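What follows is one structure encoded as structure tokens, with my remarks underneath.
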Amino acid sequence: MARSKRTLVIGAAFIALIVGCENDGGGIDSESPSHDTPGSRLTELGAISVADDPLTEAEGAVKILSEIRYKQSRLIAYVNGDSCGIVVTPKGGSKEKQMHLVSKWPAGGEGSDSYPAGPYNSASGAGGSKAWASMLCSKNAMVIEYSSGQDASPEQSRGQVAVMRVTDSPATSRIIIGDSGTRRQIEDRAEELGDLARTSPAP
């Protein structure tokens with residue numbers, strides 16, 4: 001009888017070990033909550049790879065979060081430590097930087113609350129062919145306005161991004177970078193302002 005009880009205890013422990021291992025392995029995949037949970041920092045979002053990466057020589061822990069391709073250009077949004085950045089290059093394999101904006105996250109008590117997931121610091125600049133961009137940068141989101149000088153409708157968008165068209169400026173698109181919940185909050189706020197129309201769905 002004692003031998004039978006010991007056998008049952010050993011068998012139960014073995015089954016528990018197997019079940020524990022299966023649960024540990026099954027909870028990890030490419031859509032892990034650590035990469036897309038409400039309030040995720042930009043540094044916690046999943047990265048994408050891009051062809052002809054213009055940031056290969058940049059210093060620091062650069063993580064590319066999105067790429068938006070237009071008719072004649074592409075915009076790459078990235079995070080590097082405590083900074084946000086965008087790079088605009090010609091479409092078609094060139095690494096030439098037509099525009100490059102960088103902004104650090106706001107320090108305590110600084111920045112604006114133009115949108116949810118703030119506060120935000122800002123940066124702006126211009127490139128060739130009437131192109132210009134402005135960028136709001138926080139720990140949790142980026143809100144970018146970009147005009148390529150041509151049609152604002154992107155041909156392709158990839159990554160943690162939603163792209164909206166500014167209704168009173170057809171050549172300008174508003175690009176929202178962040179986790180899916182943060183993007184929805186910012187989109188809702190933008191729609192309350194009444195100046196946006198979606199041009200590409202959030203992934």
Side-chain angles (χ1 to χ4, degrees), residues 29-50 53 55 58 60-70 74-88 99-125 133-147 152-154 156-167 172-203:
D29 56 33
S30 60
E31 297 297 324
S32 170
S34 64
H35 290 292
D36 191 9
T37 56
S40 294
R41 289 193 176 193
L42 294 174
T43 51
E44 298 172 328
L45 301 179
I48 65 169
S49 59
V50 297
D53 185 353
L55 298 167
V62 173
K63 178 186 284 190
I64 295 176
L65 301 178
S66 69
E67 178 188 46
I68 302 95
R69 290 181 174 268
Y70 295 84
R74 64 173 178 166
L75 185 148
I76 295 170
Y78 69 94
V79 63
N80 185 0
D82 61 354
S83 299
C84 308
I86 62 170
V87 174
V88 177
M99 196 184 314
H100 190 186
L101 301 181
V102 178
S103 176
K104 283 187 173 292
W105 297 341
E110 297 180 352
S112 66
D113 289 306
S114 307
Y115 292 98
Y120 293 88
N121 272 344
S122 63
S124 61
S134 64
M135 177 181 67
L136 297 176
C137 167
S138 79
K139 296 178 180 180
N140 298 80
M142 299 168 64
V143 183
I144 303 155
E145 285 194 7
Y146 172 64
S147 174
S153 299
Q156 181 186 31
S157 60
R158 300 170 52 232
Q160 308 281 346
V161 62
V163 184
M164 319 288 284
R165 186 176 67 251
V166 178
T167 54
T172 304
S173 55
R174 187 163 295 165
I175 300 160
I176 304 168
I177 313 291
D179 66 59
S180 57
T182 297
R183 293 198 304 269
R184 282 193 295 270
Q185 290 177 3
I186 296 173
E187 289 166 18
D188 289 346
R189 174 57 182 153
E191 288 172 359
E192 288 176 6
L193 299 176
D195 64 345
L196 300 180
R198 183 185 295 280
T199 62
S200 70

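Just so you know, these numbers come straight off a predicted model, no measurement behind them.
Residue I144 is tested with I68, I86, V163 for a side chain to side chain contact (heavy atoms under 4.5 Å, CB included); the sole match is I86.
Legend: residues meeting side chain to side chain donor-acceptor pair (under 3.5 Å) with E67, ordered by chain and number and at least two apart, are R69, R74, R158. Scored by the side chain to side chain donor-acceptor pair (under 3.5 Å) test, S114 finds S112 as partners (sequence neighbours excluded). Qualifying side chain to side chain donor-acceptor pair (under 3.5 Å) partners for Y120, counting only residues two or more places apart in sequence or in other chains: none. Scored by the side chain to side chain contact (heavy atoms under 4.5 Å, CB included) test, S124 finds S134 as partners (sequence neighbours excluded). Under the side chain to side chain contact (heavy atoms under 4.5 Å, CB included) criterion, S103 pairs with N121, A123, M135, C137, sequence neighbours left out. Applying the salt bridge (Lys or Arg N to Asp or Glu O under 4.0 Å) rule to D188 yields no partners; only residues at least two apart in sequence or on another chain are considered.
Using modelled atom types and a 3.5 Å distance limit, the side chains of T182 and D179 yield a donor-acceptor pair.
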Would I64 and L55 count as a side-chain contact (heavy atoms from CB on, under 4.5 Å) here? Give the steps. CA-CA 9 Å; I64 295 176; L55 298 167; 4.1 Å; yes
Working note: K104 + S83, criterion side-chain contact (heavy atoms from CB on, under 4.5 Å); need CA distance, chi angles, decisive distance, verdict. CA-CA 4 Å; K104 283 187 173 292; S83 299; 3.4 Å; yes
Taking it one step at a time, do V143 and I175 satisfy side-chain contact (heavy atoms from CB on, under 4.5 Å)? CA-CA 6 Å; V143 183; I175 300 160; over 6 Å; no
Audit row: R174, R165, side-chain contact (heavy atoms from CB on, under 4.5 Å) steps and yes/no: CA-CA 6 Å; R174 187 163 295 165; R165 186 176 67 251; over 6 Å; no
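Between the side chain of N80 and the main chain of A61, a donor-acceptor pair closer than 3.5 Å is present. Using a distance-only test at 3.5 Å, with no hydrogens or angles considered, a donor-acceptor pair links the side chain of K63 to the main chain of T43.
Annotation for S138 and P106: closest pair CA-CD, 4.3 Å, computed over non-hydrogen atoms. Pairing each heavy atom of Y70 with each of S173, the nearest pair is OH-OG, 2.6 Å. Scanning all heavy atoms of the two residues, the minimum distance from T172 to S147 falls at OG1-CB, 3.7 Å. Residues M142 and G85 come closest through the heavy atom pair CE-O, 3.5 Å. Taking both residues in full, the closest heavy atoms of P119 and D113 are given as CA-OD1, 3.5 Å, listed atom of the first, atom of the second, then distance. Considering every non-hydrogen atom in both N140 and S40, the closest pair reads ND2-O, 3.3 Å.
E192 and R189 are joined by a salt bridge, as a carboxylate oxygen and a charged side-chain nitrogen come within less than 4.0 angstrom of each other.
Between C84 and Y78 the shortest side-chain heavy-atom distance does not fall below 4.5 Å. Y115 places a side-chain heavy atom less than 4.5 Å from the side chain of L136. Looking only at side-chain heavy atoms (C-beta outward), E187 and I176 come within less than 4.5 Å of each other.
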